[in-house]
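This is a predicted model, so every value here is computed, not measured. Per chain, numbering begins at 1; letters A, B, ... match sequence-line order.
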Amino acid sequence: MRWTKSLIPTLKEDPAEADAVSHRLMVRAGLVRQLAAGIYVYLPLGQRVMDKINAIIREELNRIGGQEITMPVLHPAELWQQTGRWAAIGDEMFRLHDRGNREMCLGMTHEEVIAWLAAREIHSYRDLPQTWYQIQTKLRDEARPKSGVLRTREFLMKDSYTLDRDEVGLDKSYQLHKEAYCRILERCGLAFHVVESDPGMMGGVGAHEFMAPSEAGEDEIAHCDRCGYSANVELAGSHPRNPTFPDSTLEEIATPNAGTIEEVCALLKIEPALTIKSLLLVTKDGPLLALVRGDQHLHEKKLSIVAGEFRPAHRDEILSHLGAGPGSIGPVGATLPTIADESLRVGRYVVGANKDGFHLRGVVPGTHFQARWADIHHARSGDGCPRCEAVLRVERVIEVGNIFKLGTKYSLALKAVYLNEAGEERPIVMGSYGIGPARIAAAAIEQHHDQLGIIWPETIAPYQVHLLPVNVRDDKMVELAEAIYTQLQGERVEVLYDDRDERPGVKFKDADLLGLPLRLTIGSRALKEGMVELKVRKTGEELRVPPSEAAARAKALLSHPAK
RNA sequence: CGGGGCGUAGCGCAGCCUGGUAGCGCACUUGCUUCGGGAGCAAGGGGUCGUUGGUUCAAAUCCAAUCGCCCCGACCA
């Protein structure tokens, strides 16, 4: 492609709204433009990247027997009412009415439509298993779109669904998808972890997420390098290192004006790990006391899995339930339901005495108070791995894909059933699998860039070669460039030909910004010796070759030449 | 939905505090020079200062409302 015939609006300066690296570079390199919060236009270069990623996704899904279909974006409300999600999902679903005032919504995902289709078209065990997928626009009225294309209100998603006779079949389909996803992300050049995740409101019996490490990510995972344990922190177990517990016996101590853990520790000259943080919460069943070690943080999601929804108690509620202010409450003598973090099973601690200005020392959980045990603390780097006790690492990640074992939730609701060999009616067992092409693109940029710009993995680069004649007013250079351009195209190498009449500096800066894998420079410097230059964007490696060999050498340097 | 910030030319910004009718850099157009890492000179084009209302002789500037965008948090099927 000739630059002069393309829309590649590069920017010299960072756009003011862009914060994340990938967002800045995608805008500066002319891949995308923002239309409104969380709504983006993909420009030609951005579109090519998406096409590359989608092609890889299609290949890998077809390889495991996936069949591509296209489902509507516009759905009748009844479908979602039948599965209960019409009511369960809140403001995040775009809802509208048609001219006949019928309720409709825009699809956030397509389990309902798949189950509807299956209910009509699948009748016999002979029809199963099936794998159906689409690459389709999804709409979600996100509370807070952010980080460029990482969290948007309208986005492309590859979603696939497996239909099986039973759990055994689902396991097999699930495993195939897991492998396909790994191949997709590897081919796209991403570093990633596969982690256990919370099925959440998808409802289901098992789930994994595919996480690409990046500062721009919204999630955190805990990972063990030794045994490979990997889980979303919402789920991750961890064994915080135990402090050395003092031999103190149970006694009440005055702690005037010391309310926070820090103040109490400063006063008593102890470390926070020797205290218990007591939090009064209010659930739909009433007050609840949650306990974590003083140096740990409560993980609200973990707690809500065992205790349901809750909110922090107000000050007057704390006073009326425990008889003391928030800085002095504790589990000893409290008559409230209590959940204590697993890490508190051993040790002796300082806790609030439920008496303003006093704490208790030498409190032994299980002896001096009773509680229900649960893992409710936030895993941190340095904690012990729950499987092998090696050191866990917590890192920020971008969720690029997820897979769920749905089971029969949707098939039961929408009567997607089949007859087995015995002629008995059985619900179809479903799986659901999503992957976000835009997130893959953004994660690739997050993971592969430098001060100057993007460094595309060859597999998803919008073009492979950046052909750059330094001065297009030099007839000899142009003649050579045109010839090499033709040759490269003949070799089926995707080439962006910067035929603009711009100063060299401008063209070089743009080349670095766009980050195509190979730059082929035609300039007087090398031309004096009858050579042209090839430069590898990733390594900075440079070599000179005769013009006649340029196209062939360029192709050879690309480890993933375009087909 | 809570907290914070910002809306002035295509992009990045100044001007606002202390009202007097808009400016800088880049980009764009034309000409000349220049040509291997974001050129120089000269001449130009482009803005209802987010919107609405109020105060005032006079509002980008002060007041109010409203809309939009960004960041932190909550939420995230």
Side-chain angles (χ1 to χ4, degrees), chain A residues 9-20 23-24 27-28 30 33-40 75 80 83-94 105-112 114 138-148 150-153 155 157 159 161 197-204 207 209 216 218-219 232 234 300-301 304 309-312 399 402-404 406 409-410 432-434 436 451-453 468-474 477 498 500-513 519 521-528 532-533 535 540 542:
Chain A
T10 58
L11 261 33
K12 198 182 289 189
E13 292 177 283
D14 281 335
E17 332 76 58
D19 197 45
H23 188 194
R24 280 184 1 232
V27 174
R28 283 193 55 206
R33 285 295 182 263
Q34 181 177 344
L35 176 65
I39 304 179
Y40 283 83
H75 302 179
W80 290 75
T83 60
R85 287 165 114 192
W86 181 263
I89 295 170
D91 292 336
E92 207 163 316
M93 181 148 69
F94 282 107
C105 66
L106 301 181
M108 314 176 56
T109 175
H110 285 76
E111 283 79 13
E112 276 78 1
I114 287 285
K138 299 288 186 291
L139 292 120
R140 295 182 189 174
D141 195 358
E142 287 287 349
R144 182 147 96 84
K146 56 185 282 199
S147 306
L150 282 176
R151 187 161 207 86
T152 55
R153 294 192 288 176
F155 59 98
M157 177 163 136
D159 46 323
Y161 305 86
S197 74
D198 175 9
M201 286 192 61
M202 284 292 270
E209 289 167 326
E218 299 181 79
D219 288 289
N232 194 310
E234 293 173 0
E300 300 187 358
K301 203 115 176 196
S304 66
E309 282 184 32
F310 62 85
R311 62 165 173 86
E399 181 188 348
N402 53 40
I403 56 180
F404 297 94
L406 293 179
K409 173 177 171 175
Y410 298 92
S432 151
Y433 317 82
Q451 290 297 84
L452 296 171
L468 194 157
V470 170
N471 183 355
V472 299
R473 296 187 184 192
D474 182 319
M477 268 182 216
D498 189 352
R500 292 176 301 171
D501 182 11
E502 283 287 355
R503 295 176 58 82
V506 173
K507 299 174 96 169
F508 287 135
K509 289 290 183 194
D510 274 342
D512 291 335
L513 215 210
R519 189 179 88 195
T521 310
I522 300 168
S524 52
R525 206 145 73 188
L527 221 47
K528 274 185 219 142
V532 297
E533 296 162 2
K535 183 169 185 180
E542 224 169 348

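Evaluation of atom-type donor-acceptor distances gives a pair under 3.5 Å for the side chain of A/Glu533 against the base of B/G36.
Nearer to the 5' terminus of RNA chain B, by closest-nucleotide assignment, is the contact made by A/Asp14 (compared with the other of A/Asp14 and A/Met108). A residue-by-residue look at A/Arg144 and A/Arg140 shows that A/Arg144 has its nearest nucleotide of RNA chain B further toward the 5' end.
Checked against B/A74, B/A77, B/C71, the side chain of A/Ala143 finds its nearest nucleotide in B/A74. The side chain of A/Arg519 lies closest to B/G37, out of B/C70, B/G37, B/A77. If you check B/G37, B/C69, B/A39 against the side chain of A/Arg503, the one that comes closest is B/A39. The side chain of A/Lys146 lies closest to B/C72 when the candidates are B/C72, B/G36, B/C69. For A/Val506, whose side chain is taken as the heavy atoms from C-beta onward, the closest listed nucleotide among B/G37, B/A39, B/C72 is B/A39. Among the nucleotides B/G37, B/C69, B/A77, the one closest to the side chain of A/Lys509 is B/G37. Distances were taken from every side-chain heavy atom of A/Glu17 (C-beta onward) to each of B/G36, B/A77, B/G12; the shortest belongs to B/G12. Looking at the side chain of A/Thr109, the nearest of the listed nucleotides B/G12, B/C71, B/A77 is B/A77. The side chain of A/Arg28 approaches B/G38 more closely than any other nucleotide in the set B/G38, B/C35, B/G37. For A/Pro504, taking side-chain heavy atoms from C-beta onward, the closest of the listed nucleotides B/C69, B/C13, B/G36 is B/G36.
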Between protein and nucleotides 26-33 of chain B, what N or O pairs are separated by less than 3.5 Å?
{"unit_1": "B/C26", "atom_1": "O3'", "unit_2": "A/Lys12", "atom_2": "NZ", "d": "3.4"}

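Judged by Watson-Crick or G-U wobble contacts below 3.5 Å, the nucleotide B/A74 has no partner. In this entry B/C28 has B/G44 as its Watson-Crick or G-U wobble partner, both defining distances falling under 3.5 Å. Pairing for B/U52 is with B/A64, a Watson-Crick or G-U wobble pair whose two hydrogen-bonding atom distances lie under 3.5 Å.
Qualifying side chain to side chain contact (heavy atoms under 4.5 Å, CB included) partners for A/Leu11, counting only residues two or more places apart in sequence or in other chains: A/Val27, A/Arg28, A/Arg33. Under the salt bridge (Lys or Arg N to Asp or Glu O under 4.0 Å) criterion, A/Glu533 pairs with A/Arg544, not counting sequence neighbours. Scored by the salt bridge (Lys or Arg N to Asp or Glu O under 4.0 Å) test, A/Lys12 finds no partners at all (sequence neighbours excluded). For A/Ala511, the side chain to side chain contact (heavy atoms under 4.5 Å, CB included) partners are A/His466, A/Leu468, A/Arg519, not counting sequence neighbours. The side chain to side chain contact (heavy atoms under 4.5 Å, CB included) check on A/Glu142 picks up A/Glu92, A/Arg140, A/Pro145, A/Arg151, A/Arg153, with sequence neighbours excluded.
Using a 4.0 Å heavy-atom criterion, one finds that A/Lys507 contacts no nucleic acid atom at all.
As a whole-Å value, the separation of A/Asp19 CG from B/C70 C1' is 8 Å.
Using P as the reference atom, B/U34 and B/C49 are 44 Å apart when rounded to the nearest Å. For the C1' atom pair drawn from B/G46 and B/A64, the interatomic distance equals 33 Å after rounding to whole Å. Straight-line distance between the C1' atoms of B/A60 and B/C6: roughly 15 Å, to the nearest whole Å. For B/U51 and B/G47, the P atoms lie 14 Å apart once the distance is rounded to whole Å.
With respect to A/Arg85 and A/Glu111, a salt bridge is recorded, a charged nitrogen being found less than 4.0 Å from a carboxylate O.
Applying the 6.0 Å contact sphere to CG of A/Asp14 captures more than 12 heavy atoms from other residues, nucleotides or ligands.
Using cut-offs of 30° and 60° for the angle between ring planes, the A/His110 and A/His75 rings count as perpendicular.
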